[in-house]
Each structure stands twice: as structure tokens, then as C-alpha cells.
**Student:** 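Could you have a look at this structure, given as C-alpha cells, before my questions?
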Amino acid sequence: MVEFSKVNLKDIEEEEDEGEEEGEEVESAPPLKVGEEREIGSNGLKKKLIKRGLDWETPQFGDEVTRDIVMGVDHGIVTMRRGEMAIFTLPPELAYGASGRAGVPPNAVVQFEVELLSWITVVDVCKDGGIIKKILENGEQIGPPSDLDEVRVNYKAMLVDGTIVAQTHDEGVEFYIKDGHFCPALTKAIKTMKRGERVNLVVQPQYAFGEVGKKSNDELPSIPPNSTLSISVELLSFNRVIDITGDLKVKKKVLREGEGTVTANEGAAVTVRYKAMLEDGTVFERKGIDGEQPLEFITDEEQTIVGLDRAVSTMKKNEYALVTISPEYGFGSTEIKRDLAVVPPSSTILYEVEMLDFVREKAPWEMSNTERIEAAARKKEEGNHLFQNGKYQRAAKKYDKAADYVGEDGSLTDDDDKVVKSLRVSCWLNGAACSLKLNNFGEAIILCSKILDVESCNVKALYRRAQAYMGVSELYSAEMDIKKALEADPHNREIKLIQKNLKQLQAEHNRRDAKLYRAMFPSSSKDVSPAAKRLKTGEDDKRDENVSAMETENATIDRAASDTTAAKM
């Protein structure tokens with residue numbers, strides 16, 4: 001491709017924007033047929049298609065195209081595809097105007113035959129002109145990298161006079177995006193690139209080394225203050241790094257992508273091989289390597305450490321990854337002896353893991369009604385076992401999954417419908433019990449309310465919701481649930497006991513409210529003379545007790561009214 005003068009199509013976009021009226025709608029016309037001519041826009045420019053382009057991609061406003069023709073043709077070039085040929089007919093005002101030029105008379109209508117060979121995509125990375133990226137070679141459809149990812153890039157940075165101020169070796173340099181490298185512009189631009197993409201960056205000082213510049217070293221010269229840099233960059237490769245747990249304490253760096261899009265999930269039967277290491281590289285365990293058998297386990301069943309379990313649940317078949325696990329998701333503060341070495345307390349550990357195979361647990365929609373009911377019953381029993389062993393968090397997940405299996409979607413027979421409703425209510429009740437154990441009162445209220453929507457007088461649901469309301473100090477709501485539960489089961493000892501606890505709690509709240517009331521409205525007795533205070537009789541003391549009781553009663557009434565209003569909302 002021969003380079004001659006370049007045009008920035010962004011200028012054309014701005015000109016066209018000025019002529020558009022606010023609210024104007026532009027309807028897209030059908031594609032031109034070969035030999036067909038059509039007017040483009042409203043300025044008199046016409047386009048006749050001679051040869052179709054190779055694809056659907058066209059230059060964008062802001063891109064650079066090679067040309068040696070009048071500016072008016074640029075309005076047509078933005079409609080062309082790579083390899084397309086067309087004849088553009090320009091009115092005088094878009095061509096050479098009233099003055100004309102050599103060989104072109106004044107006010108002449110001019111035609112240009114144009115073939116679009118290529119263009120350079122130009123990107124304003126920060127939308128402020130500070131980093132202009134010109135794409136010299138498009139990359140693969142992989143990327144761009146994110147903050148956590150590890151990249152390998154090849155780059156060369158120069159001053160405007162061509163002086164090289166930084167350069168990598170042919171194999172490039174590796175770094176994590178979040179750690180940065182060389183100057184801010186480099187990482188900002190890389191986060192817009194795809195693997196294999198090659199670009200040139202024009203970097204203004206605020207994204208380079210600003211007013212300070214950069215001192216020279218043994219190999220490279222200094223960068224003067226307020227220097228504009230030209231940086232050629234190629235993104236050779238990158239490894240995706242995924243925050244598995246959302247707190248950066250279990251990270252998975254993908255060293256080799258797996259097959260397809262399907263990953264293992266919770267409850268999947270997986271087969272993996274791995275090498276487990278300390279941060280210093282000491283190997284403490286191997287599975288499926290050097291004659292060792294691979295590890296087979298069911299995810300989300302506590303058959304291995306939590307960090308490895310969580311990471312493996314996100315892997316595809318044949319995926320190979322490095323998993324970094326903080327102590328909270330590894331072996332904690334305990335010293336652990338493994339096959340090849342001892343893992344010291346509070347160690348961060350690394351696993352090079354390869355997913356050999358897995359069988360996903362079936363989703364509810366993949367099952368028949370019978371299978372769904374059986375799976376729900378099985379999950380419920382697993383939850384019961386975990387609850388009995390004090391593993392309330394995991395038990396809650398089992399109950400939640402069981403309830404999903406017997407959700408309201410799907411057609412059921414009358415007999416199945418009764419079983420499903422019973423299972424669903426049972427799972428919600430047990431889930432609420434877990435939430436109470438975990439002091440997750442909000443979730444307990446939600447689960448019990450689901451039950452009471454279908455069984456308005458379910459005594460257990462009323463009882464557990466009352467407990468949850470007491471946990472969040474919604475005492476009036478708790479009182480209403482207890483009252484309704486006793487109406488349904490007047491002799492229930494557990495409900496009577498919680499009613500007693502509620503009354504004690506209400507009395508404590510009343511005393512606290514009365515104390516607060518007195519603090520806000522201090523007694524006028526402070527103004528009474530010392531002599532009068534000494535004449536205070538036992539009858540006066542009795543009157544003070546009555547006043548205090550009245551204040552307590554008023555505070556209780558006020559709070560009950562407030563609770564009633566909240567309940568109605």
C-alpha cells in the first residue's frame with residue numbers, strides 16, 4: 001500500500017453533525033447493487049457501485065485512509081468496504097468550486113473512481129487526545145486483557161526526534177496489568193488490544209512522564225520533561241487471571257484455555273491432576289503426575305480444600321491453570337503434613353491444575369419430574385446431615401438447591417404436586433432454621449414469608465419468622481406472628497416460651513425508651529428549692545412512681561403505633 005496524504009475522518013463527522021437537526025431520524029437504505037447509483041446524504045454527492053467489497057467492515061470516523069483526491073470524496077469513503085470500487089459524482093461545492101484547477105473548469109461536476117484498499121483504525125484511548133492508538137495490524141478475537149491479567153508485550157518507545165528511550169528484547173516482557181509497566185499510557189492502551197494486535201501510540205506528556213521526565217540509565221538516555229512519546233506495541237500473549245472468590249484470595253491464571261464453553265459446576269464429578277507448591281516452589285503434593293493417580297472428587301462436598309474446590313468448579317475440559325490460594329481458603333493456621341513436604345501454618349499455596357474430565361450435575365430443567373423430586377429429596381437429606389453436624393452454611397446451600405429442583409415451573413400430576421409442595425415448604429423451613437443459626441435474620445424472614453404465602457397458618461414458619469423479627473428488633477411484627485401461631489396451636493410450649501422471651505425483650509425496650517424520654521425531657525423538679533426537696537413525703541414518692549409508669553406506657557404506645565405504621569407499609 002502506498003502512503004500519500006492522510007485524512008482524519010473525525011473532521012468529516014463533526015462537519016456532518018453541524019448540519020443535522022436535533023431529533024432527526026435517519027433511515028438506513030438497502031445496500032447498493034452493482035451498477036446502481038444513489039445520492040449520499042443531502043449535499044449532492046452520488047455513489048455508483050462498480051465492485052462489491054470483501055466484507056462488511058467500513059472505515060470509522062477518526063480513522064486514517066490513504067488518498068490523493070479532494071476532501072468531498074471522504075463523505076463517500078466512509079460508506080465503502082475493503083476492496084470495494086465505486087464512482088463518486090461530486091457537485092462543484094464538494095469538488096473544486098468556482099475557482100476550478102488545472103484541467104478542471106470552474107463550477108464543474110467531477111467524478112472520481114475509487115477503490116478502497118486499506119485504512120488505519122485510529123482510537124482515542126482516553127477520549128481526551130492524550131493517547132492516540134493507530135492499529136497497524138489487527139489481532140485475534142481474543143481480548144482485551146483486564147486489570148488482573150498477565151500480559152507479554154514487545155514495545156519500543158521513542159522521542160519525537162527518533163531517539164529510542166525504551167525497548168524490549170524480541171521475546172517481550174511479562175507483567176500484570178494492575179502492576180503497570182514503563183508509563184501509564186502503555187497499560188491503558190494494552191487494555192484496549194487483542195492478542196497479536198500491533199499498534200503505534202502517540203502519547204502526550206500527562207500519560208508518559210509529565211513535568212518530571214525520566215533519568216537515564218546505563219543503556220538508555222533520559223526522557224526530558226514534558227516529552228511526547230511514540231511507542232510501537234505488540235501484544236504477544238496474555239494469561240487471563242480470574243478472581244474466583246471475589247476477594248482476591250483465590251485467583252486462577254489460565255495457562256491453557258480449555259475446550260468449548262461448558263465448565264464444571266457445584267456437584268460435578270471431576271478428575272484432575274495437579275502439582276501443589278509453596279510460594280518458594282517447594283512441591284508438597286502431586287496427583288496424576290509421575291505415576292500418581294489423578295484426583296477424583298465431587299465439587300462442593302468438602303472433599304478437598306475450599307480454594308481448590310472453588311477453582312476447579314470454574315474449569316473447562318483440558319484447561320490448565322495456576323491457582324493461588326490464600327490461607328483462609330487453604331489449610332488455615334494449621335501445619336499440614338503432605339506426601340512430599342510440610343505446609344507451614346498460614347501458607348499461601350499454589351496448584352498447577354489440569355482438568356482431565358468432569359460430569360456436570362444435572363440442572364433441574366434437564367430432569368424429568370420424577371428425577372427432580374428424587375434429587376430434591378436427596379439434597380434435603382444431605383442438608384439434614386450437615387445441619388446435624390453444625391455445618392449450617394453448607395446445609396443452607398443444600399436446602400436452597402433442593403428447593404430449586406422442585407420449583408414452580410413444569411407440569412405435575414396431582415400426586416406429584418402434593419409431594420413437591422411438601423418438599424418445597426420443608427426445604428424453606430429448614431433453610432430458615434439455618435439462617436437463624438447464622439444470625440441471617442433477613443433471609444429467615446424471606447424464607448418463612450414464602451411459606452406463609454402458600455400456608456398462611458404454618459405454625460413453624462410463624463414461630464421462626466417471629467424469632468427472626470426479634471433478632472432485628474421488629475417486636476410488634478414478632479408479637480403478631482406469635483399471636484397467630486397461638487391461635488393455630490394454643491398449647492405449643494415452644495411458642496409460649498418465645499412469647500415469654502418477647503415480653504422480657506419488650507420490657508427491656510420499654511425501660512430503655514423511658515430512660516431516653518427522661519433524658520430528653522428532664523423533670524422540672526430541678527427548679528425546686530432545697531428546703532422543698534427535704535419536705536418530700538412518701539406520697540410524693542408514690543406520685544413520682546406513677547409518673548414514671550405513665551411515661552413508660554406512653555413510650556410503649558408511641559412505639560406500637562410506629563410499628564403498626566411500618567407493618568402497613
**Student:** Measure the spacing between OG1 of Thr121 and CD of Glu197 and express it to the nearest 0.5 Å.
**Tutor:**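 Nearest 0.5 Å value for the OG1-CD distance: 9.0 Å.
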**Student:** Is there a side-chain contact between Ser237 and Arg152, using heavy atoms and a 4.5 Å cut-off?
**Tutor:**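 Yes, side chains in contact.
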**Student:** Give me the one residue out of Arg273, Arg286, Lys275, Lys316 that meets salt bridge (charged side-chain N to carboxylate O under 4.0 Å, His left out) with Glu354.
**Tutor:**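 Exactly one pass, corresponding to Arg273.
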**Student:** State which residues pass side chain to side chain contact (heavy atoms under 4.5 Å, CB included) with Ser368; sequence neighbours excluded, sorted by chain then number.
**Tutor:**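 Counting only residues at least two positions away or on another chain, Ser368 forms a side chain to side chain contact (heavy atoms under 4.5 Å, CB included) with Thr370, Glu371.
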**Student:** Over all heavy atoms of both residues, which pair between Ala433 and Arg464 is shortest? Give the atoms and the distance, please.
**Tutor:**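 For Ala433 and Arg464, the tightest heavy-atom pair comes out as CB-NH1, 3.9 Å.
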**Student:** Check this for me: Glu301, atom CD, are more than 12 non-hydrogen atoms of other residues, nucleotides or ligands nearer than 6.0 Å?
**Tutor:**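 Yes, enclosed.
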**Student:** Assess the residue pair Ile132 and Val123 against the criterion (side chain to side chain contact (heavy atoms under 4.5 Å, CB included)); give the C-alpha distance rounded to whole Å, side-chain angles, the decisive distance to 0.1 Å, and a yes or no.
**Tutor:** CA-CA 6 Å; Ile132 299 298; Val123 180; over 6 Å; no
**Student:** Restricting to non-hydrogen atoms, name the atom on Ala208 and the atom on Pro184 that form the minimum distance, rounded to 0.1 Å.
**Tutor:**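 Heavy-atom minimum between the residues: O-CD, 3.5 Å.
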**Student:** Using a 3.5 Å cut-off and no angle test, enumerate the donor-acceptor pairs between side-chain atoms of residues 375-386 and protein atoms at least two apart in sequence or in another chain.
**Tutor:**
residue	atom	partner	partner atom	Å
Lys379	NZ	Glu361	OE2	2.7
Lys380	NZ	Ser426	OG	2.8
Glu382	OE1	Lys398	NZ	3.1
Asn384	OD1	Tyr399	OH	2.6
Asn384	OD1	Asn430	ND2	3.3
His385	NE2	Asn389	ND2	3.4

**Student:** Using the test side chain to side chain contact (heavy atoms under 4.5 Å, CB included), find all partners of Gln141 that sit at least two apart in sequence or belong to another chain.
**Tutor:**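 Per chain and number, Gln141 pairs via side chain to side chain contact (heavy atoms under 4.5 Å, CB included) with Lys194.
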**Student:** Could I get the full list of side chain to side chain contact (heavy atoms under 4.5 Å, CB included) partners for Glu171, not counting sequence neighbours?
**Tutor:**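 Glu171: side chain to side chain contact (heavy atoms under 4.5 Å, CB included) contacts with His169.
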**Student:** Say you draw a straight line from CD1 of Ile131 to NZ of Lys133; how long is it, rounded to the nearest 0.5 Å?
**Tutor:**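 Spacing of CD1 (Ile131) from NZ (Lys133) equals 10.5 Å.
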**Student:** Can you tell me how far CD1 of Ile349 sits from CG of Leu278, rounded to the nearest 0.5 angstrom?
**Tutor:**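 One finds 8.0 Å between CG of Leu278 and CD1 of Ile349.
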**Student:** Got a salt bridge between Glu259 and Lys317, using NZ or NE/NH1/NH2 to carboxylate O under 4.0 Å?
**Tutor:**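 Looking at Glu259 and Lys317, the cut-off is not met.
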**Student:** Report the residues that fulfil side chain to side chain contact (heavy atoms under 4.5 Å, CB included) with Ala485, sequence neighbours left out, ordered by chain and then residue number.
**Tutor:**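 Expected list: Val459, Leu462, Ile495.
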**Student:** With heavy-atom distances below 4.5 Å as the criterion, would you say the side chains of Thr282 and Met277 are in contact?
**Tutor:**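 Answer no - side chains too far apart.
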**Student:** Please check if any side-chain donor atom of Glu479 sits under 3.5 Å from a side-chain acceptor atom of Gln499, or the reverse.
**Tutor:**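 The criterion, which ignores hydrogens and geometry beyond distance, is not satisfied for Gln499 and Glu479.
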**Student:** With a sphere of 6.0 Å drawn around CD of Glu366, does it hold more than 12 non-hydrogen atoms of other residues, nucleotides or ligands?
**Tutor:**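 Enclosed: over 12 neighbouring heavy atoms sit under 6.0 Å from CD of Glu366.
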**Student:** For the CG atom of Leu322 and the NZ atom of Lys251, what is their distance to the nearest 0.5 Å?
**Tutor:**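 Answer for the CG-NZ pair, Leu322 versus Lys251, is 10.0 Å.
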**Student:** Can you find a heavy atom in the side chain of Val272 that is under 4.5 Å from one in the side chain of Phe297?
**Tutor:**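 Sidechains of Phe297 and Val272: in contact.
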**Student:** Regarding Asp489 and Tyr463, is there a side-chain donor-to-acceptor distance under 3.5 Å anywhere?
**Tutor:**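 There is no such pair between these side chains.
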**Student:** I would like to know whether Val199 and Leu136 meet side chain to side chain contact (heavy atoms under 4.5 Å, CB included); could you show each step before the answer?
**Tutor:** CA-CA 5 Å; Val199 305; Leu136 307 178; 5.6 Å; no
**Student:** Can you name the nearest heavy-atom pair linking Phe238 to Gly143, along with the distance?
**Tutor:**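 Heavy-atom minimum between the residues: CZ-CA, 3.6 Å.
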**Student:** Can you tell me which residue pairs pass the ring-ring contact (aromatic ring centres under 6.0 Å, His included) test with a partner in residues 252-283, sequence neighbours excluded?
**Tutor:**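 Listed once each, the pairs are Tyr274-Tyr351.
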**Student:** Could you walk me through whether Gln467 and Ile498 satisfy the side chain to side chain contact (heavy atoms under 4.5 Å, CB included) test, starting with their C-alpha distance in whole Å, then the side-chain angles of each, then the deciding distance to 0.1 Å, before giving a yes or no?
**Tutor:** CA-CA 8 Å; Gln467 285 181 295; Ile498 196 177; 3.2 Å; yes
**Student:** Can you give me every donor-acceptor pair (side chain of residues 438-455, partner residue at least two apart or in another chain, under 3.5 Å) with its distance?
**Tutor:**
residue	atom	partner	partner atom	Å
Asn440	OD1	Glu443	N	3.4
Ser449	OG	Ile445	O	2.7
Ser449	OG	Arg465	NH1	3.1
Glu455	OE1	Asn458	ND2	2.8

**Student:** Of the non-hydrogen atoms in Thr324 and Thr348, which two are nearest, and what is the gap between them?
**Tutor:**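 Heavy atoms of Thr324 and Thr348 come nearest at CG2-CG2, 3.8 Å.
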**Student:** Quick one: list whatever passes ring-ring contact (aromatic ring centres under 6.0 Å, His included) with Tyr176, sequence neighbours left out.
**Tutor:**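 In terms of ring-ring contact (aromatic ring centres under 6.0 Å, His included), with neighbours along the sequence ignored, Tyr176 is linked to no residue.
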**Student:** With sequence neighbours excluded, what pairs up with Tyr155 under the ring-ring contact (aromatic ring centres under 6.0 Å, His included) test?
**Tutor:**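 Only His181, Phe182 meet the ring-ring contact (aromatic ring centres under 6.0 Å, His included) criterion with Tyr155.
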**Student:** Is any side-chain heavy atom of Glu374 closer than 4.5 Å to one of Tyr405?
**Tutor:**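 Sidechains of Glu374 and Tyr405: no contact.
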**Student:** Do any pairs count as a salt bridge (charged side-chain N to carboxylate O under 4.0 Å, His left out) and have a residue in residues 136-150, sequence neighbours left out, and if so which ones?
**Tutor:**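 Qualifying pairs: Glu137-Arg198, Glu140-Arg195, Asp147-Lys191, Glu150-Lys253.
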**Student:** Any idea which heavy atoms bring Asn318 and Leu356 closest together, and the distance?
**Tutor:**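 Smallest heavy-atom distance, with atoms named: OD1-O, 4.4 Å.
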**Student:** Using a 4.5 Å cut-off on heavy atoms from C-beta on, say whether the side chain of Thr271 contacts that of Pro294.
**Tutor:**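 Yes, their side chains come closer than 4.5 Å.
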**Student:** Between His509 and Gln506, is there a side-chain heavy-atom distance shorter than 4.5 Å?
**Tutor:**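 They are not in side-chain contact.
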**Student:** Any chance you could measure Ile190, atom CD1, to Glu234, atom CD, to the nearest 0.5 Å?
**Tutor:**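 These two atoms lie 11.5 Å from each other.
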**Student:** Is the number of heavy atoms from other residues, nucleotides or ligands within 6.0 Å of CG (Asp170) greater than 12?
**Tutor:**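 Atom CG in Asp170 is not crowded, with 12 or fewer foreign heavy atoms closer than 6.0 Å.
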**Student:** Of the non-hydrogen atoms in Leu201 and Ala185, which two are nearest, and what is the gap between them?
**Tutor:**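 Shortest heavy-atom separation between Leu201 and Ala185 comes out as CD1-O, 4.4 Å.
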**Student:** Hey, does Leu235 have a side-chain heavy atom less than 4.5 Å from the side chain of Val151?
**Tutor:**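 Yes, side chains in contact.
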**Student:** Have Asn154 and Thr168 got a donor and an acceptor in their side chains that come within less than 3.5 Å?
**Tutor:**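 Yes.
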**Student:** When rounded to the nearest 0.5 angstrom, what distance separates CD1 in Ile177 from OG in Ser146?
**Tutor:**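 Rounded to the nearest 0.5 Å, the CD1-OG separation comes to 8.0 Å.
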**Student:** Report, as yes or no, whether the 6.0 Å neighbourhood of atom NZ on Lys460 holds more than 12 heavy atoms from other residues, nucleotides or ligands.
**Tutor:**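 For Lys460, atom NZ is not crowded (no more than 12 foreign heavy atoms under 6.0 Å).
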**Student:** Can I get a per-line list of side-chain donor-acceptor pairs under 3.5 Å for residues 329-340, giving both atom names and the distance, sequence neighbours left out?
**Tutor:**
residue	atom	partner	partner atom	Å
Tyr329	OH	Asp247	OD2	2.9

**Student:** Around atom CZ of Arg256, are there more than 12 heavy atoms from other residues, nucleotides or ligands closer than 6.0 Å?
**Tutor:**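 Yes - once you tally the heavy atoms of other residues, nucleotides and ligands closer than 6.0 Å, there are more than 12.
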**Student:** Do Leu350 and Val323 have side chains that approach each other closer than 4.5 Å (heavy atoms only, starting at C-beta)?
**Tutor:**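 Not touching, per the 4.5 Å side-chain cut-off.
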**Student:** Distance-only check: which donor-acceptor pairs under 3.5 Å involve side-chain atoms of residues 302-315, not counting sequence neighbours?
**Tutor:**
residue	atom	partner	partner atom	Å
Glu302	OE1	Lys391	NZ	3.0
Glu302	OE1	Arg394	NH1	3.2
Gln303	OE1	Ile298	N	2.9
Asp309	OD1	Asp300	N	3.0
Asp309	OD2	Asp300	N	2.9
Ser313	OG	Asp309	O	2.9
Thr314	OG1	Lys252	NZ	3.0
Thr314	OG1	Ala311	O	2.7

